[in-house]
Amino acid sequence: MLRSIFLWLAGNKMVRGWMTSLGVARRAARRFVAGETIDEAINVIRELNAQGIVATLDHLGENVETIEDAQRATDDYVKVLDAIGVSGVQSHVSVKLTALGLDLGDDVCRANVARIVAKAKEVGAFVRVDMESTDYTDRTLAIYRSLRDEYGNVGVVIQAYLYRSEADITALCQEGGKVRLCKGAYKEPPLKAFPHKSDTDTSFVRLMKMLLSPTARARGARGAIATHDVKMIEATCQYAQQQMVPRDEFEFQMLHGIRRDLQQQLAADGYTVRIYVPYGTEWYPYFMRRLAERPANVWFILSNFFKK
Ligand SMILES: Cc1cc2nc3c(=O)[nH]c(=O)nc-3n(C[C@H](O)[C@H](O)[C@H](O)COP(=O)(O)OP(=O)(O)OC[C@H]3O[C@@H](n4cnc5c(N)ncnc54)[C@H](O)[C@@H]3O)c2cc1C
């Protein structure tokens, strides 16, 4: 129930305008967001790198409505990649296609992402295409595949809560795709996604095993297991051990500000851990999705509010 409310709020423009003007909300969002500027984000990544943890940088924003805004977001990513190159931090970038013009047409969006991917190649970085709601799944996969075939340094995300994901992972494993596996963060109808968490968890473990299987890896597939769920992490470590998956053939990914203890523990155990570091002023929908995942976070915000 609360999950649905927060996911509805994530898309509500009126509440968005009000919330983003509130200092207390901005401060609360800082739990999950590295800052508003590139410099703040690079500093966070530097601290992670010092602990043996790598990153993927996300310039916050989604569902832009004009070609100019999509262009601006693309320019920002090019600047981010320059900053990664100049600073020497160990980081990839993650992009949302609706921030780069997907609502304005596939060609507009593909051209913008191609600029980012080409720039990333120049500085030795990798571009992960985040997965948004099912309104965009097919088009996201098509743009990913076309850029992967042209440039190589691109990966995509698959959401374990979708019924279609097993078929998508089967195809991506055959193609040697680089896939981030997550549970899924959007509001989807029971017609498309498992309504019960236990079914999503079962699907997650099944898809993880497909991605890390010897046949998939032999074709070049690589899995990035993105979760804070200890059960999912343990299942992955166990399967990787059984199958003797080399440590450089998969990685764990987590979000900035969530389960830092687990991030550090896995890195200390010798696993590659990559943290998704979002930054920028467009934090509202990202923040709402984090609240939807764990409504208990609301108490954290309220306690901040009453401290003021
Ligand atoms: C690196 C990364 C990239 C992602 N990219 C995408 C994407 O492209 N598309 C997409 O749809 N989703 C994406 N997600 C979000 C994902 O789909 C889940 O919504 C999110 O990770 C929560 O699920 P969980 O696997 O952590 O498991 P859950 O069962 O939700 O949580 C397990 C435990 O993790 C902790 N936890 C989880 N979420 C929070 C939170 N918000 N605040 C505090 N503690 C929390 C709690 O201790 C909880 O008990 C991404 C997640 C990660 C880690």
Side-chain angles (χ1 to χ4, degrees), residues 2-3 6-7 10-11 28-34 48 53-58 60 62 91-99 102 126-137 140-141 144 154-162 164-165 168 178-188 192-194 196-205 207-208 223-236 250-263 265-266 272-278 283 285-301:
L2 269 175
R3 179 175 186 271
F6 283 117
L7 290 180
R30 279 302 288 261
R31 176 177 172 190
F32 303 109
V33 174
L48 289 169
I53 295 174
V54 290
T56 181
L57 196 48
D58 168 46
L60 288 164
E62 47 202 85
S91 184
H92 296 161
V93 292
S94 288
V95 298
K96 281 193 175 40
L97 295 192
T98 65
L102 193 56
F126 178 87
V127 179
R128 179 78 60 181
V129 178
D130 285 351
M131 190 57 81
E132 301 176 70
S133 76
T134 44
D135 294 341
Y136 302 106
T137 312
T140 300
L141 285 169
Y144 149 72
V154 194
V156 75
V157 179
I158 292 294
Q159 298 151 321
Y161 64 8
L162 297 184
R164 62 172 287 167
S165 290
D168 285 330
K178 314 276 188 281
V179 179
R180 173 197 295 153
L181 176 64
C182 67
K183 289 192 186 179
Y186 294 81
K187 188 163 164 50
E188 299 293 350
K192 293 180 176 176
F194 297 108
H196 300 296
K197 180 176 155 45
S198 57
D199 292 325
T200 298
D201 290 355
T202 304
S203 161
F204 191 100
V205 173
L207 301 182
M208 173 276 290
I225 309 304
T227 181
H228 317 90
D229 186 335
V230 177
K231 283 197 194 120
M232 303 297 110
I233 292 170
E234 280 173 359
T236 307
F250 75 108
E251 66 184 36
F252 287 108
Q253 296 194 349
M254 294 189 212
L255 301 177
H256 171 69
I258 301 181
R259 293 301 311 261
R260 287 199 173 96
D261 55 336
L262 203 51
Q263 301 172 8
Q265 184 58 54
L266 285 168
T272 300
V273 179
R274 187 174 302 281
I275 303 306
Y276 187 100
V277 177
W283 45 264
Y286 180 86
F287 181 44
M288 287 298 120
R289 286 196 294 275
R290 301 296 75 83
L291 296 185
E293 283 156 5
R294 195 165 179 263
N297 286 333
V298 175
W299 295 114
F300 168 84
I301 292 161

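When a residue number appears, it is its place in the shown sequence, counting from 1. Atoms within a ligand are numbered from 1 in the order they appear, just like the ligands themselves.
For atom 7 (C) of ligand 1, a protein non-hydrogen atom is found at a distance below 4.0 Å. Protein non-hydrogen atoms do reach within 4.0 Å of atom 12 (N) of ligand 1. For atom 42 (N) of ligand 1, the nearest protein heavy atom is under 4.0 Å away.
Counting only N and O atoms by type, the side chains of Arg180 and Ser94 include a donor and acceptor under 3.5 Å apart. Under the 3.5 Å distance criterion, with hydrogens and angles disregarded, a donor-acceptor pair is assigned to the side chains of Asp130 and Tyr276.
Residue Met254 has no nitrogen or oxygen atom sitting less than 3.5 Å from a nitrogen or oxygen atom of ligand 1, judged on distance alone. Any N or O atom pair closer than 3.5 Å counts here, and Ile258 shares no such pair with ligand 1.
Tyr144 contributes no side-chain N or O that, together with a main-chain N or O of Val157, makes up a donor-acceptor pair within less than 3.5 Å. The main-chain N or O of Ser133 is never found under 3.5 Å from a side-chain atom of Gln159 such that the two would form a donor-acceptor pair. Proximity of a side-chain donor or acceptor of Glu132 to a complementary backbone N or O of Thr98 within less than 3.5 Å is detected.
Heavy-atom proximity to atom 16 (C) of ligand 1, evaluated over Ala55, Cys182, Ser94, is greatest for Cys182. Of all the listed residues (Arg31, Arg259, Arg180, Gln253), Arg180 holds the heavy atom that lies closest to atom 3 (C) of ligand 1.
The closest protein non-hydrogen atom to atom 17 (O) of ligand 1 is Gly184 N, 2.6 Å. The protein heavy-atom contact nearest to atom 49 (O) of ligand 1 is Arg294 NE, 4.9 Å. For atom 20 (C) of ligand 1, the nearest protein heavy atom (residue, atom name, distance) is Glu293 OE2, 3.3 Å. For atom 25 (O) of ligand 1, the closest non-hydrogen atom on the protein side is Thr227 OG1, 2.6 Å. Counting only heavy atoms of the protein, atom 9 (N) of ligand 1 lies nearest to Met131 O, 2.8 Å.
Looking only at side-chain heavy atoms (C-beta outward), Val273 and Leu48 stay at 4.5 Å or farther from each other.
Closest non-hydrogen pair, Leu57 versus Val277, comes out as CD1-O, 3.2 Å. Ala185 and Arg289 get closest at one heavy-atom pair: O-CD, 3.5 Å.
Under the 4.0 Å criterion applied to side-chain N and carboxylate O atoms, Asp261 and Arg259 are assigned as salt-bridge partners. Under 4.0 Å is where a charged nitrogen must lie from a carboxylate oxygen, and between Glu251 and Arg274 at least one such pair does. A salt bridge is absent between Lys231 and Glu234; no separation between the charged side-chain nitrogens and carboxylate oxygens falls under 4.0 Å.
Judged by the 6.0 Å and 45° rule, Arg128 forms no cation-pi pair with Phe126.
Contacts of Lys197 with ligand 1, taken as heavy-atom pairs under 4.0 Å, involve the side chain alone. With a 4.0 Å cut-off on non-hydrogen atoms, Leu255 touches ligand 1 through its backbone as well as its side chain. Both the backbone and the side chain of Asp229 come within 4.0 Å of ligand 1, counting heavy atoms alone.
Those atoms of ligand 1 that come under 4.0 Å of a heavy atom in Lys183, given as number and element, are 17 (O), 25 (O), 27 (O), 28 (P), 29 (O). When each atom of ligand 1 is checked for a heavy atom of His228 under 4.0 Å away, the hits are 21 (O), 24 (P), 25 (O), 26 (O), 33 (C), 34 (O), 35 (C), 37 (C), 53 (C). Those atoms of ligand 1 with a heavy atom of Val157 less than 4.0 angstrom away are 7 (C), 8 (O). Residue contact check: Gln159 has heavy atoms under 4.0 Å from atoms 9 (N), 10 (C), 11 (O) of ligand 1. Here is the list of ligand 1 atoms found below 4.0 Å of a heavy atom in Arg290: 15 (C), 40 (C), 41 (N). For ligand 1, the atoms lying closer than 4.0 Å to a non-hydrogen atom of Asp130 are 8 (O).
The one candidate from Leu207, Thr200, Asp201 that meets the side-chain contact (heavy atoms from CB on, under 4.5 Å) condition with Ser203 is Leu207.
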